[in-house]
There are 2 protein chains.
Amino acid sequence: MEVFPGKILIVDDEPDIVEFISYNLKNKGYLIAAAKDGVEAIRKAKDFRPDLILLDIMMPNKDGMETIRELRNMHEFDDTVIIFLTALNDEKYEIEGLKIGADDYISKPIKPELLATRIGSALRRFRKDDEQEQKQIFGDLEINKTKFTVSYKGQEILLAKKEFELLSLLASKPGRVFLRNEILQRVWGTDVIVGDRTIDVHIRKIRQKAGIDLITTVKGVGYKFEMA
Amino acid sequence: MEVFPGKILIVDDEPDIVEFISYNLKNKGYLIAAAKDGVEAIRKAKDFRPDLILLDIMMPNKDGMETIRELRNMHEFDDTVIIFLTALNDEKYEIEGLKIGADDYISKPIKPELLATRIGSALRRFRKDDEQEQKQIFGDLEINKTKFTVSYKGQEILLAKKEFELLSLLASKPGRVFLRNEILQRVWGTDVIVGDRTIDVHIRKIRQKAGIDLITTVKGVGYKFEMA
DNA sequence: ACTTATCTTAACAATTCCGTAATACGGCGT
DNA sequence: ACGCCGTATTACGGAATTGTTAAGATAAGT
């Protein structure tokens with residue numbers, strides 16, 4: 001009888017709270033990772049790929065709001081549920097947080113039962129189910145995020161990580177043009193600074209490996225995914 | 001020819017109760033092991049590989065709930081039946097325990113007849129019985145969880161325990177990428193901390209022993225099981 | 001206690017990936 | 001046609017990740 005409800009990243013600067021939450025969620029069978037501030041949170045999120053992030057609002061070194069904004073900018077976390085933790089009834093943050101992309105909030109002090117319930121329902125609501133694999137299909141092209149593969153007419157195309165992420169972003173909204181700027185922020189993150197030509201090079205590699213032209217250049221604007 | 005009914009691990013901090021249960025179950029032909037707390041329980045479970053664990057909820061040094069969670073996180077015990085023992089009508093724990101992966105519960109004080117009945121039916125209900133071995137087959141490859149063996153084209157491949165567990169985890173969802181992080185937690189457990197290269201070394205050994213490449217590296221992400 | 005197998009670590013090698021820079025190409029306006 | 005601007009292409013070196021090996025530590029078997 002296998003039970004594997006999901007992976008959760010806890011972000012709070014107070015070790016006691018992390019410990020407390022961690023203990024309670026481990027008992028429910030979740031896999032847990034923890035971070036003490038926003039910067040570490042983003043690093044660990046990339047590594048751990050949690051299904052859900054529990055994020056404290058008040059933190060040193062990049063606060064909760066800023067962290068949510070940044071995560072939500074990164075395509076990589078489009079399907080990650082974010083729940084933030086506020087001091088009791090701090091409505092200002094509550095509304096604000098939900099606006100910028102959090103899915104729910106929980107007020108401190110934290111009651112274990114409530115916490116588990118909210119997390120459970122949030123995961124159910126957003127269907128973060130480990131069983132079913134996440135894939136997108138466009139005609140003969142298939143992008144499978146669970147297996148990290150792309151295939152065209154059954155033939156597998158081997159992409160490197162950045163290439164995969166880039167294609168995956170563009171394909172998330174077929175036909176829509178992504179600005180170079182947007183691509184940079186969503187694939188590379190806000191902090192990382194890379195030159196403009198870097199995108200071209202990755203696009204080039206995708207085109208080359210794929211054989212067919214999946215990506216259309218919109219000069220002066222950006223790129224879009226489009227099947228031939 | 002007598003049917004071998006199974007191996008049971010009893011976990012309780014009160015020696016009298018252990019003795020009492022043990023006596024009754026031995027009479028039914030079960031093989032018995034015992035542990036006095038959660039920590040010892042996990043150690044002995046790894047060793048003894050019980051078909052069923054009888055677990056007291058109230059214990060020092062890692063309580064029953066925490067122990068269940070830990071066992072359930074470890075891929076190794078996916079097929080072990082867990083029954084926990086509560087004080088009479090402690091509904092809170094009953095519901096809780098079932099949610100996090102226990103298969104049944106029994107209230108104290110324990111009546112020998114009831115105990116035997118429940119254990120018998122739990123084993124019948126959940127156990128993939130000894131006759132029918134549990135195995136996964138992929139083309140020419142066969143992974144047998146009952147016999148702890150792997151064979152390729154009828155030829156047996158001898159893997160050590162960690163190697164087997166690692167392969168077994170990856171093969172549980174063919175094609176799916178497992179992050180290094182996740183592998184660590186699910187094969188080694190939540191507490192244990194081992195270096196990153198450890199995984200590589202085990203992967204190496206599996207590849208070496210198997211001869212064929214069963215495992216594909218996804219650079220920067222993790223590993224996946226995939227037949228050539 | 002001795003022997004053997006298994007697990008982990010550490011150091012080094014090999015590989016792959018990524019970003020940059022240099023250059024080529026192509027459209028567009030003048 | 002020429003220059004300008006933005007993109008395409010290519011090759012290279014550093015960085016990051018994984019592969020490999022051997023040796024020490026731990027556990028298991030006799």
Side-chain angles (χ1 to χ4, degrees), chain A residues 43 46-49 76 148 150 157-170 177-181 183-185 187-189 191-224, chain B residues 40 42-49 74 76 148-150 157-170 177-181 183-185 187-189 191-211 213-224 226:
Chain A
R43 193 162 47 67
K46 284 186 180 178
D47 204 55
F48 185 57
R49 296 187 164 267
E76 203 176 339
F148 261 91
V150 177
I157 302 166
L158 273 86
L159 298 183
K161 196 176 162 198
K162 277 264 147 43
E163 290 154 21
F164 183 84
E165 281 170 4
L166 179 49
L167 176 58
S168 178
L169 170 65
L170 295 179
V177 180
F178 288 85
L179 311 183
R180 298 180 92 84
N181 238 328
I183 294 174
L184 282 180
Q185 295 211 3
V187 174
W188 275 264
D191 305 332
V192 189
I193 301 152
V194 293
D196 246 28
R197 297 272 69 62
T198 301
I199 297 179
D200 306 28
V201 174
H202 285 284
I203 295 276
R204 156 90 179 120
K205 279 190 175 161
I206 294 170
R207 284 171 168 162
Q208 189 177 301
K209 286 180 177 177
I212 47 169
D213 206 0
L214 305 167
I215 297 166
T216 308
T217 306
V218 182
K219 220 182 162 181
V221 188
Y223 294 95
K224 64 180 173 183
Chain B
E40 196 184 346
I42 288 169
R43 193 161 48 65
K44 293 221 173 172
K46 285 186 180 179
D47 204 56
F48 184 58
R49 309 209 134 257
M74 274 192 269
E76 196 177 344
F148 260 77
T149 59
V150 177
I157 302 166
L158 271 84
L159 298 182
K161 193 176 166 203
K162 276 264 145 50
E163 290 154 21
F164 183 84
E165 280 171 6
L166 179 48
L167 176 59
S168 175
L169 171 65
L170 295 179
V177 177
F178 288 82
L179 311 184
R180 298 179 93 82
N181 226 313
I183 294 174
L184 282 180
Q185 298 206 34
V187 174
W188 275 262
D191 306 330
V192 188
I193 300 153
V194 291
D196 243 29
R197 296 270 71 58
T198 302
I199 295 180
D200 303 42
V201 174
H202 285 282
I203 295 275
R204 153 105 177 107
K205 281 190 176 163
I206 294 170
R207 284 172 169 161
Q208 188 176 299
K209 287 180 177 178
D213 207 1
L214 304 168
I215 296 167
T216 307
T217 305
V218 182
K219 214 178 169 180
V221 189
Y223 293 95
K224 63 181 171 184
E226 207 167 43

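Excluded from the calculations below are hydrogen atoms, water molecules and symmetry mates; all remaining heavy atoms, backbone and side chain alike, are included. Just so it is clear, the model here is predicted, and its values are computed rather than measured.
The side chain of A:W188 contributes an N or O atom lying less than 4.0 Å from OP1 or OP2 of C:dG19. When the side-chain nitrogen and oxygen atoms of A:Y223 are compared with OP1 and OP2 of D:dA8, one or more of them lie within a distance under 4.0 Å. The side chain of B:H202 places an N or O atom within less than 4.0 Å of a non-bridging phosphate oxygen (OP1 or OP2) of C:dT8. Distances shorter than 4.0 Å separate none of the side-chain N or O atoms of B:R197 from OP1 or OP2 on C:dT8. The side chain of A:T217 places an N or O atom within less than 4.0 Å of a non-bridging phosphate oxygen (OP1 or OP2) of D:dA8. The side chain of B:T198 contributes an N or O atom lying less than 4.0 Å from OP1 or OP2 of C:dT9.
If you find the closest nucleotide of DNA chain C to A:G195 and to B:D196, the one lying nearer the 5' end belongs to B:D196. Residues B:V218 and A:G220 both approach DNA chain D. Their nearest nucleotides, taken by heavy-atom distance, put A:G220 toward the 5′ side.
Note on A:D200 versus A:R180: salt bridge recorded, some NZ/NE/NH1/NH2 to OD/OE distance being below 4.0 Å.
Looking at the side chain of A:D200, the nearest of the listed nucleotides D:dA8, C:dC18, C:dT8 is D:dA8. Nearest nucleotide to the side chain of B:R180, out of D:dT10, C:dC18, D:dT18: D:dT18. Among the nucleotides D:dT18, D:dT10, C:dT9, the one closest to any side-chain atom of B:V201 is C:dT9.
Put simply, the side chain of B:K219 and the base of C:dT16 share a donor and an acceptor less than 3.5 Å apart.
Although no hydrogens or angles enter the test, the distance criterion places a donor-acceptor pair under 3.5 Å between the side chain of A:K209 and the main chain of A:L158.
Across every non-hydrogen atom of B:I42 and B:M74, the tightest pair is CG2-CE, 3.9 Å.
Note on A:K205: a base of the nucleic acid sits closer than 4.0 angstrom, heavy atoms only.
With a 4.5 Å cut-off on side-chain heavy atoms, A:Y223 and A:L166 do not count as touching.
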